Amino acid sequence: MPSWIEFRLGCRGLYRLALFDRSFTGFFDRSTAGVLRSFGLFLLLVPIVLWQVWLTNDPPADNPVLFLAGRAVAYAYNWILFPFLIVFAARFLERDAEAAGCIAIYNWTNVLWVALQMPTTLIIALGVPVTAAQLLGLALLIASLVIEGFMFLVVLRLVLWQAAALVALDFLLSLMVIWPMGDWLSGVK
């Protein structure tokens, strides 16, 4: 788990990343120890993510524990699977030296994604029509994909199409594998 000082620095780095400031990399520990600590963010974020999932979905009344457990497992897989793909992509693109730093920053971006999703979650919780929340959610999703692409461009030193391919792979993996698996584990039909 990152220390309080590392968390504050990471949030500063995320702020710079969201502003497309290339200096964001200097705020993250991209060493092997930094990568391992970045996985500790999962423990910090999983209750928030499960709360967001609970508010933005219709959990089955018959087994809410199964619903949350299935979503928690899917979220854990999301934290594990794509970092392995980053290692594979870095090796394929001859960017082995940058792989650890990319995984660390990628893990930190989960803090940013949770923060970006908070307005949509709160709008739905306040009872605003779902269509308005969905429009905001779509805008924030697009913003998060662009930010992630910028992160790959800078950290892995990629060209635009390579960064776009990694973002697309991450998005499709989540959309077509991770969250459907969460639905299945949750008993959602």
Side-chain angles (χ1 to χ4, degrees), residues 2-42 44-45 48-49 52 56 75 78-123 132-175 178-179:
S3 68
W4 175 246
I5 293 171
E6 187 175 9
F7 186 79
R8 286 180 45 211
L9 284 171
C11 288
R12 283 179 146 169
L14 292 173
Y15 176 72
R16 297 224 177 167
L17 173 60
L19 295 176
F20 301 103
D21 180 348
R22 289 180 174 268
S23 70
F24 74 90
T25 59
F27 291 87
F28 299 100
D29 182 355
R30 294 176 284 157
S31 68
T32 303
V35 171
L36 293 175
R37 281 193 311 276
S38 73
F39 280 101
L41 291 167
F42 171 81
L44 175 70
L45 296 177
I48 299 167
V49 168
Q52 288 177 328
T56 58
Y75 188 62
N78 202 38
W79 273 76
I80 296 167
L81 191 55
F82 198 71
F84 279 117
L85 292 176
I86 289 173
V87 170
F88 175 75
R91 185 161 293 153
F92 178 75
L93 298 167
E94 298 177 1
R95 301 285 193 269
D96 287 341
E98 291 87 356
C102 186
I103 291 170
I105 296 172
Y106 176 81
N107 286 345
W108 274 94
T109 60
N110 283 290
V111 175
L112 182 60
W113 307 153
V114 167
L116 284 175
Q117 291 171 1
M118 197 59 73
T120 305
T121 303
L122 293 175
I123 285 173
Q134 287 174 337
L135 188 59
L136 177 62
L138 179 62
L140 293 173
L141 171 67
I142 292 168
S144 68
L145 295 175
V146 171
I147 291 168
E148 183 178 2
F150 178 73
M151 186 269 297
F152 287 137
L153 278 170
V154 173
V155 177
L156 290 176
R157 299 179 294 114
L158 301 178
V159 294
L160 185 59
W161 74 267
Q162 292 169 329
L166 271 177
V167 170
L169 180 62
D170 186 22
F171 179 72
L172 291 174
L173 188 66
S174 293
L175 187 67
I178 300 294
W179 295 117

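Start at 1 with the first residue, then count along the sequence. Small disclaimer: the values here were computed from a predicted structure and weren't measured.
- Contact between Val35 and Ala104 at its shortest, heavy atoms only, is CG2-CB, 3.9 Å.
- For Tyr15, the OH atom counts as loosely surrounded, since its 6.0 Å shell holds 12 or fewer non-hydrogen atoms of other residues, nucleotides or ligands.
- The neighbour count for Ile5 CD1, taken as heavy atoms of other residues, nucleotides or ligands under 6.0 Å away, does not exceed 12.
- In this structure, Ser38 OG and Arg30 CZ are separated by 13.0 Å, a value rounded to the nearest 0.5 Å.
- Put simply, the side chain of Tyr75 does not reach to within 4.5 Å of the side chain of Ile178, judged on heavy atoms.
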Derivation and outcome, side chain to side chain contact (heavy atoms under 4.5 Å, CB included), residues Ile103 and Phe39: CA-CA 9 Å; Ile103 291 170; Phe39 280 101; 4.0 Å; yes
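- In this structure, the side chains of Leu156 and Leu166 come closer than 4.5 Å at one or more pairs of heavy atoms.
- A distance-only check finds no donor-acceptor pair linking the side chain of Arg16 to the backbone of Ser23 [under 3.5 Å].
- Remark: Phe28 pairs with Trp108 by the ring pair (Phe, Tyr, Trp, His ring centres under 6.0 Å) rule, at least two apart or across chains.
- Within the model, atoms CG of Leu85 and CD1 of Ile80 stand 12.5 Å from one another, a figure rounded to the nearest 0.5 Å.
- Annotation: the span from Leu136 atom CG to Leu141 atom CG amounts to 11.0 Å, rounded to 0.5 Å.
- Atom-to-atom distance recorded for Thr32:OG1 and Arg37:CZ is 10.5 Å, nearest 0.5 angstrom.
- From Ile105, atom CD1 reaches atom CZ of Phe152 across 10.5 Å, with rounding to the nearest 0.5 Å.
- The main-chain N or O of Arg157 is found under 3.5 Å from a side-chain atom of Arg95 such that the two form a donor-acceptor pair.
- What you find for Ala18 and Ile147 is that their closest heavy atoms are CA-CD1, 4.0 Å.
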Identify every side-chain donor-acceptor pair in residues 109-121 under 3.5 Å, counting partners at least two apart or on other chains, and give the distances.
unit_1 : atom_1 : unit_2 : atom_2 : d
Thr109 : OG1    : Tyr106 : O      : 2.4
Asn110 : ND2    : Asn107 : O      : 3.2
Thr121 : OG1    : Gln117 : O      : 3.0

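- When side chains are defined from C-beta on, Phe27 does not count as touching Leu17, because their heavy atoms never get closer than 4.5 Å.
- When side chains are defined from C-beta on, Leu169 counts as touching Phe82, because their heavy atoms get closer than 4.5 Å.
- A distance of 8.0 Å separates CG of Asp170 from CG of Leu145, quoted to the nearest 0.5 Å.
- Side-chain contact check for Ile142 versus Leu138: some heavy-atom pair is nearer than 4.5 Å.
- Residues Met151 and Cys102 have side chains in contact (heavy-atom distance under 4.5 Å, counting atoms from C-beta outward).
- With a 4.5 Å cut-off on side-chain heavy atoms, Leu19 and Phe24 do not count as touching.
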